[in-house]
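Input: a single structure, listed below in structure tokens.
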2 protein chains.
Amino acid sequence: MFRIARLPKKDRQTRLVQSLADNPFATDEDLAELFHVSIQTIRLDRLELGIPELRERIKSVAEKSLDPVKSLGIEEVIGEIIDLQLDSQAISVLEIKEEHVFSKTQIARGHYIFAQANSLAVAVINADVALTATARIRFVRPVRIGEKLVAKAVVRSRDGDECKVRVETKVQGELVFTATFRVVEMTVAQNRHE
Amino acid sequence: MFRIARLPKKDRQTRLVQSLADNPFATDEDLAELFHVSIQTIRLDRLELGIPELRERIKSVAEKSLDPVKSLGIEEVIGEIIDLQLDSQAISVLEIKEEHVFSKTQIARGHYIFAQANSLAVAVINADVALTATARIRFVRPVRIGEKLVAKAVVRSRDGDECKVRVETKVQGELVFTATFRVVEMTVAQNRHE
DNA sequence: TACTGTTTTGGTACCTGGTATTAAAAACAG
DNA sequence: CTGTTTTTAATACCAGGTACCAAAACAGTA
């Protein structure tokens with residue numbers, strides 16, 4: 001009888017963490033088989049690593065998914081705003097991932113690029129409520145999966161409750177998209193009809 | 001000693017279903033207390049109603065949330081295409097739901113309206129790959145939650161691999177958004193780099 | 001009132017996937 | 001070869017059940 005090669009403790013534990021990360025549903029028994037060790041060893045490992053038992057793991061996944069915060073399909077603002085000077089300028093970053101591209105070509109769908117620019121244009125306006133009225137946009141070159149879009153919005157002019165906002169989106173300094181938005185502020189009175 | 005009012009079986013069971021719908025984490029014991037009956041009664045009820053035990057309920061919630069299908073922010077095409085005549089015209093419908101609006105005002109975010117129009121403009125083009133090059137768009141009036149957007153795209157002109165597509169979006173016949181896209185077809189040769 | 005059917009309880013044995021603890025065996029290192 | 005680390009084993013116990021059986025409690029009615 002020959003025994004199967006076992007990993008050293010350290011290695012096993014790092015693999016265990018990985019393993020549970022992409023399959024939180026594994027029981028200790030499953031893991032024991034996977035690593036060719038006894039159930040007790042797995043339990044010791046979990047103890048040392050502070051990993052909770054199966055049921056707790058599943059529960060926490062379920063709780064997260066039921067959390068109202070997450071369930072908003074898209075975040076409040078598309079892209080992460082990293083600089084914001086109200087009524088002046090703002091910058092946001094968006095990394096193009098699999099869910100943003102055409103599966104056939106791996107090229108980003110235009111409306112995500114637009115969404116980043118549009119939500120930035122709306123966010124930069126110093127008003128309770130701001131809505132896009134018109135826009136002229138240009139896709140300079142296709143954007144591919146993995147590229148990081150940096151959008152910069154600048155408020156160009158202001159006339160009463162209307163602003164012109166210019167947004168330029170670049171990938172590593174290279175211009176890929178431009179847009180000019182006319183954004184209007186709205187009084188909440190709008191809410192009267194209903 | 002007076003006993004607390006109990007519901008008839010039928011009522012209890014319908015309430016039980018509701019109760020578990022908005023809190024799948026309740027144990028039989030919790031439910032027994034809630035309805036002032038014994039644990040066994042709850043179990044009989046679950047049996048009759050075909051409701052699985054706590055752990056299975058939690059598990060299924062967790063599985064759903066880990067399902068790769070759900071995690072795609074926006075669907076492949078925004079809105080449901082109900083008519084499509086390639087290179088000529090197309091129509092899609094999108095109902096504005098909670099996830100599409102600003103929570104403060106219940107008004108639809110511009111980029112969803114744009115996304116519906118943009119993906120329709122791209123879909124109507126009879127080509128392997130079509131990308132938006134430029135667009136001029138106008139939001140005629142704000143769109144509110146619950147409204148059904150009907151977008152109609154018409155191919156206006158064609159010049160080699162470039163098309164002009166006009167999209168008008170209406171709610172019950174009332175114009176709320178217009179856009180003119182310049183869409184280009186792409187040869188897959190684009191994929192050469194990388 | 002006594003009989004009958006439904007509904008509710010109670011109790012027991014058993015299951016899964018653990019925790020907690022103690023102890024022995026094996027592996028490895030100096 | 002001894003000391004330490006690592007791995008196994010064994011046992012008692014827990015939550016939240018399933019499956020099953022029998023005793024109550026209640027309601028209607030002949």
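In what follows, chains are A, B, ... by sequence order, proteins preceding strands, each numbered from 1.
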Looking at B/E29, I want to see if its CD is surrounded by more than 12 non-hydrogen atoms of other residues, nucleotides or ligands under 6.0 Å.
no
Within the structure shown, what part of the strands sits under 4.0 Å from A/I39 by heavy-atom distance: base, sugar-phosphate, or nothing?
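Answer is nothing: A/I39 stays at 4.0 Å or more from every strand.
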Check the phosphate of [N] against [X], side-chain N and O only, distance under 4.0 Å to OP1 or OP2. Yes or no?
| X | N | result |
| --- | --- | --- |
| B/T27 | D/dG16 | no |
| B/R46 | D/dT18 | yes |
| B/S38 | C/dT8 | no |

Suppose we call two aromatic rings close when their centres sit under 6.0 Å apart. Are B/H111 and A/F114 close by that rule?
no
Nearest-angstrom distance from the residue atom [atom1] of [X] to [atom2] of [N]:
| X | N | atom1 | atom2 | answer |
| --- | --- | --- | --- | --- |
| A/K59 | C/dT16 | NZ | P | 22 Å |
| A/L49 | D/dT6 | CG | P | 13 Å |
| A/L47 | D/dT7 | CG | P | 14 Å |
| B/L31 | C/dT9 | CG | P | 14 Å |
| B/L54 | D/dT18 | CG | C1' | 14 Å |
| B/L20 | D/dG17 | CG | P | 10 Å |
| B/L44 | D/dA22 | CG | P | 16 Å |
| B/E53 | D/dA19 | CD | C1' | 13 Å |

Does A/R109 qualify as a cation-pi partner of A/F102, given the criterion of NZ or CZ under 6.0 Å from the six-membered ring centre and within 45 degrees of its axis?
yes
Spell out yes or no: do the side chain of B/R55 and the base of D/dG17 have one donor N/O and one acceptor N/O closer than 3.5 Å?
no
Given [options], which nucleotide is nearest the side-chain atoms of [X]?
| X | options | value |
| --- | --- | --- |
| A/D28 | C/dG18, D/dG17, D/dT8 | C/dG18 |
| A/K9 | D/dT6, D/dG17, D/dT8 | D/dT6 |
| A/Q40 | D/dG16, D/dT6, D/dT8 | D/dT8 |
| B/R43 | D/dT7, C/dG18, D/dT18 | D/dT18 |
| A/T41 | D/dT8, C/dT8, C/dT19 | D/dT8 |

Under a 3.5 Å limit on both distances, the Watson-Crick or wobble mate of C/dG30 is D/dC1
Hey, are the side chains of B/R12 and B/V37 touching, using non-hydrogen atoms and a 4.5 Å cut-off?
yes
Is a side-chain donor-acceptor pair under 3.5 Å present for A/S92 with A/Q116?
yes
